[in-house]
Amino acid sequence: MSERKVRVRFAPSPTGPLHIGGVRTALFNYLFAKKHGGDFLLRIEDTDQTRYVPGAEDYIQEALAWCGISIDEGPKQGGPFAPYRQSERKALYLNYAEQLLQSGYAYYAFDTPEELDEARNTAESKGETFTYNALSRGQMKNSLSLPESAWKEMVSSTHYVVRFKMPDNLDVTEIDLIRGSVTFNTSLLDDKVLFKSDGMPTYHLANVVDDHLMDISHVIRGEEWLPSMPLHVLLYRAFGWEDTMPRFTHLPLILKPTGKGKLSKRDGDKLGFPVFPLLWRDSETGETSRGYREDGYFPDSFINMLALLGWNPGTEQEIFSMDELIHAFSLERVGKSGARFDPEKTKWFNHQYFVKKSDEELGALLLPFLADKGIHANPDMVAKVCGMVKERCNFVSEIWDQSYFLFAPPTSYDEKIVSKRWKDDVPAIMIEIAGFLETIEQWKAPTIKEPFSAFVTSKGWNFGTVMNSLRLCLVGGSFGPDIFEICEIIGKSETIFRIKKAISALNK
């Protein structure tokens, strides 16, 4: 018998923007599939139409594309098991619900929301928790407790749900590829709803049916779905599909920066970092949530960071291309415990990718940023600026923070530096400096520095005083890179213009 082809799926619900925990789940599925020469499917699980959010599905597709996670089969890509939206597969689920009903693994339940609330309240008044299971189902309104003639009439005239008939006190054991052997006792589980009278299945039924029909070999999903594993295993057994049941893996949570609790949007809002890959704008409220793309992160650094949240390559290597991740990835090296999210480490990853980019690449990214500010600079000059400051930056926007003075003369001068450096004789010295700089023909940092230094020495001026005052004229303060590199970058005429502008402004 030939080995089964690896086929995995990422199956989000379109109920809002894709959290980075969801992106990591998609990434680990993708890495596992590509490591084993398999297929990565996107399936949109939109059976709960009351929670459907317009634009969410497009957001999911765009986010995965930005991350470099390519989809082999999906709603837009198509494939042999189409359609890949569960709402478009609605017609087939009823047959499977009926199959479970006929074989005795499921039953009709007619309890109203009010009756269920009453059962919960009664249990709470006794200090107990109501669970719809083998112990309580006989007292509820369903096809197990009612006469056949009564419930058959109710099926045609009353709203109902189809519930799974959970066996009483049965140990269900299954292997989780991260956690090893996991055992659940069914006495602790409830009779989950599988199908509703509106013709829509719940997650549990649709998920199992679609994974079977789409020949999914491995289910890799978040830890929050671990309690659902025994129900899913029992559904595979009930359908007679146990031989082709996928292998299960439940990924650890991404934790808050404090290490306590699951990372949420509120944590990002409070501490000032995104928890979504792309910017999200709520179409109803107009509220926006930050995204890693819009905050200036590179997709490869974002993916690199996510891969190491919960997975350990077993080496000291931290920087991985997507191909290297595919080669190195294994589920055996994914941890059981939650992975703490570190916003500063995320910036560190972006810095590693940032400094590896050529000056020309960064310059091309900075040009639109400058254009938005009304600055139209020479691309060669912009690339040179990027090379000067990129070691001190994590994002393209920070290049501006480190170099804005190279693109426009100062509009103000640091008052503390002025009171400290702009002494009585300084204006006259600066006038002479401007005149001397007019005589320099080769305008490069080294060919400016040597004659400039000789000129200052010949005048007997204090070199530090001259350099600090010149820096004040050129940038408006006491910051910036090497003064002669500044002169070279902004050009001869601009250098002299700024000196004369400062003399005029500060002498007033």
Side-chain angles (χ1 to χ4, degrees), residues 13 15 45-52 86-87 89-172 184-210 224-225 227-241:
S13 298
T15 56
E45 301 202 337
D46 57 349
T47 55
D48 189 348
Q49 290 291 298
T50 61
R51 298 178 62 219
Y52 178 82
Q86 285 186 335
S87 60
R89 301 169 65 81
K90 177 179 173 181
L92 63 87
Y93 300 116
L94 177 59
N95 293 333
Y96 291 98
E98 289 177 343
Q99 184 177 326
L100 293 172
L101 288 163
Q102 290 165 11
S103 58
Y105 286 103
Y107 59 93
Y108 293 105
F110 308 98
D111 316 276
T112 65
E114 292 76 20
E115 288 167 338
L116 291 171
D117 285 341
E118 184 181 346
R120 292 187 192 99
N121 293 334
T122 301
E124 285 177 13
S125 68
K126 299 175 183 178
E128 301 170 355
T129 301
F130 171 74
T131 305
Y132 207 125
N133 59 12
L135 295 177
S136 64
R137 65 173 77 114
Q139 287 77 52
M140 303 303 291
K141 196 191 296 182
N142 55 59
S143 57
L144 300 177
S145 63
L146 295 169
E148 184 176 353
S149 58
W151 70 255
K152 281 191 173 181
E153 182 180 338
M154 293 174 76
V155 167
S156 59
S157 61
T158 308
H159 284 294
Y160 66 85
V161 296
V162 175
R163 289 183 178 271
F164 184 73
K165 187 180 178 184
M166 188 64 68
D168 185 29
N169 196 28
L170 173 71
D171 281 339
V172 179
F184 295 85
N185 187 277
T186 57
S187 63
L188 301 174
L189 305 176
D190 61 334
D191 292 359
K192 289 288 187 198
V193 174
L194 301 179
F195 197 82
K196 296 170 286 187
S197 56
D198 64 0
M200 289 299 278
T202 63
Y203 165 81
H204 301 290
L205 178 64
N207 176 277
V208 167
V209 168
D210 285 343
E224 62 269 25
W225 293 110
S228 299
M229 185 168 72
L231 170 60
H232 296 175
V233 170
L234 290 172
L235 281 168
Y236 278 102
R237 292 179 185 175
F239 283 123
W241 299 336

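Everything numeric here is computed off the predicted structure, so don't read it as measured data.
The two atoms that bring F195 and L205 nearest to each other are CD1-CD2, 4.0 Å, heavy atoms only. Contact detail for S145 and G138: the closest heavy-atom pair is CB-O, 3.4 Å. Considering every non-hydrogen atom in both S143 and F110, the closest pair reads N-CE1, 4.1 Å. Here the shortest heavy-atom pairing between V193 and K196 reads CG1-CG, 4.3 Å. Shown here for T186 and P167, the closest heavy-atom pair between the two residues is OG1-O, 2.6 Å. In terms of heavy-atom proximity, Y203 sits nearest to H232 at CE2-CE1, 3.7 Å.
Counting only distance, with no hydrogens or angles, the side chain of S103 and the backbone of L100 share a donor-acceptor pair below 3.5 Å. No donor-acceptor distance shorter than 3.5 angstrom exists from the side chain of N95 to the backbone of E98, with no hydrogens or angles considered. Side chain of T15 to backbone of R51: no donor-acceptor contact under 3.5 angstrom is found.
Residue-environment remark: CD (E118) stays at or below the threshold of 12 foreign heavy atoms within 6.0 Å. For E153, the CD atom sits in a loose shell: 12 or fewer heavy atoms of surrounding residues, nucleotides or ligands are nearer than 6.0 Å. Within a 6.0 Å sphere centred on NZ of K165, other residues, nucleotides and ligands contribute 12 heavy atoms or fewer.
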Starting from the C-alpha separation in whole Å, work towards a yes-or-no answer on side-chain hydrogen bond (donor to acceptor under 3.5 Å, both in side chains) for N142 and Y160. CA-CA 9 Å; N142 55 59; Y160 66 85; over 6 Å; no

Under the side chain to side chain contact (heavy atoms under 4.5 Å, CB included) rule, what do L116 and M140 come out as? Steps first, then yes or no, please. CA-CA 9 Å; L116 291 171; M140 303 303 291; 4.0 Å; yes

For F130 and T122, run side chain to side chain contact (heavy atoms under 4.5 Å, CB included): C-alpha distance rounded to whole Å, both residues' side-chain angles, the deciding distance at 0.1 Å, then the answer. CA-CA 8 Å; F130 171 74; T122 301; over 6 Å; no

Pair F164-L234, side chain to side chain contact (heavy atoms under 4.5 Å, CB included): steps then yes or no: CA-CA 9 Å; F164 184 73; L234 290 172; 3.8 Å; yes

Could you check V208 against W241 for side chain to side chain contact (heavy atoms under 4.5 Å, CB included), going step by step and ending with a plain yes or no? CA-CA 10 Å; V208 167; W241 299 336; 4.1 Å; yes

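With sequence neighbours excluded, the residues satisfying side-chain hydrogen bond (donor to acceptor under 3.5 Å, both in side chains) with S187 are N185.
By the 4.5 Å heavy-atom criterion applied to side chains, E124 and N121 are counted as neighbours. Looking only at side-chain heavy atoms (C-beta outward), L194 and L235 come within less than 4.5 Å of each other. Taking the side chain as every heavy atom from C-beta outward, F239 and Q99 approach each other to under 4.5 Å.
Geometric assessment of R163 against the ring of Y132 yields a positive cation-pi assignment under the 6.0 Å and 45° thresholds.
Judged by distance alone, the side chains of D46 and S87 do bring a donor and an acceptor atom under 3.5 Å apart. For D191 and Y107, the side-chain atoms include at least one donor-acceptor pair closer than 3.5 Å.
When D190, L189, T131 are each tested for a side-chain contact (heavy atoms from CB on, under 4.5 Å) with M166, only one passes: L189.
With rounding to the nearest 0.5 angstrom, the CG atom of D117 is 5.5 Å from the CZ atom of R120. Interatomic distance, CZ of R89 versus OG1 of T47, reported as 12.5 Å (0.5 Å rounding). Taken from OH in Y93 to OG1 in T202, the straight-line distance is 10.5 Å, to the nearest 0.5 Å. E45 contributes atom CD, which lies 5.0 Å from atom CG of N207 (distance to the nearest 0.5 angstrom).
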